[in-house]
Amino acid sequence: MTLATKPRIDKTDPYVGNPRGTLAADVTADQANLVIGVGLNSSGQVVVGAGASGILGGVIFAVGHDYLTGGLVQPPVAGDTIDVFKHAEIVNFAVTVVTTGVFSLGAPGVAGTKYYAHASGAVDATATAGVFIGHTMEGSRLIVDVSAA
């Protein structure tokens with residue numbers, strides 16, 4: 001996946017409640033470069049999916065080559081401090097599918113659609129048992145607002 005097609009945070013404001021937290025477990029290769037719903041475990045660490053807290057925000061575990069240095073960006077590991085987005089804009093947005101615990105890239109976003117994160121970490125347009133995380137302005141731009149979570 002090239003930088004031109006990877007989902008990435010385009011805009012964020014660190015003063016509006018985008019928290020940082022300690023990652024509870026290593027990120028797996030299938031979780032890289034996807035929009036994933038996250039929560040906290042009982043120790044207050046960030047976990048993929050709902051955890052003990054329910055969905056509180058989202059993450060993108062950016063993996064690949066750093067376009068400035070050319071170096072390889074590795075997936076985060078347990079104990080790393082990561083940013084959890086609650087208010088942001090994501091470009092190149094696509095649905096995140098979780099099938100029997102395996103993450104994959106789904107269909108591109110559809111303009112004017114509300115998107116929800118689920119207990120598995122999946123992000124899609126199904127409201128049932130999901131937590132609203134944002135809506136699309138254009139199909140590929142997700143406006144994240146998880147202020148209610």
Spell out, as yes or no, whether a donor-acceptor pair under 3.5 Å connects the side chain of [X] to the backbone of [Y].
| X | Y | value |
| --- | --- | --- |
| Ser120 | Ala122 | yes |
| Lys114 | Thr136 | no |
| Asn92 | Lys6 | yes |
| His118 | Ala127 | no |
| Asp26 | Ala78 | yes |
| Asp83 | Arg20 | no |

Under 4.5 Å between side-chain heavy atoms, counting indirect links through other Ile/Leu/Val/Met/Phe/Trp/Tyr residues: same cluster for [X] and [Y] or not?
| X | Y | result |
| --- | --- | --- |
| Val47 | Tyr116 | no |
| Val91 | Leu142 | no |
| Ile82 | Leu40 | yes |
| Val110 | Met137 | no |

Between Gln31 and Val48, does the side chain to side chain contact (heavy atoms under 4.5 Å, CB included) criterion hold? Intermediate values first, please. CA-CA 9 Å; Gln31 295 169 337; Val48 169; 3.9 Å; yes
State the [atom1]-[atom2] distance between [X] and [Y], to the nearest 0.5 angstrom.
| X | Y | atom1 | atom2 | value |
| --- | --- | --- | --- | --- |
| Ile90 | Ser140 | CD1 | OG | 11.5 Å |
| Leu105 | Asp30 | CG | CG | 12.0 Å |
| Phe93 | Thr113 | CZ | OG1 | 9.0 Å |
| Lys86 | Leu56 | NZ | CG | 5.5 Å |

May I ask you to check whether Phe132 and Tyr115 place their ring centres under 6.0 Å from each other? no
Could you please spell out the steps behind the side chain to side chain contact (heavy atoms under 4.5 Å, CB included) verdict for Ile133 and Val123? CA-CA 9 Å; Ile133 64 162; Val123 175; 3.6 Å; yes
Quick check: closest heavy atoms across [X] and [Y], and the distance to 0.1 Å?
| X | Y | value |
| --- | --- | --- |
| Ser42 | Ala52 | N-CB, 3.9 Å |
| Gly106 | Ala94 | O-CB, 3.9 Å |
| Ala117 | Ile55 | CB-CG2, 3.7 Å |

Hey, mind stepping through Thr81 and Leu23 against side chain to side chain contact (heavy atoms under 4.5 Å, CB included) and telling me if it holds? CA-CA 6 Å; Thr81 300; Leu23 190 59; over 6 Å; no
Using the side chain to side chain contact (heavy atoms under 4.5 Å, CB included) rule, take Ile36 and Phe61 through it: C-alpha gap first, then chi angles, then the decisive distance, then the call. CA-CA 9 Å; Ile36 298 176; Phe61 299 119; 4.2 Å; yes
Quick check on side chain to side chain contact (heavy atoms under 4.5 Å, CB included): which of Ile60, Val144, Val59 does Val35 satisfy it with? Ile60
Assess the side chains of His87 and Asn18: does a donor N or O sit below 3.5 Å from an acceptor N or O? no
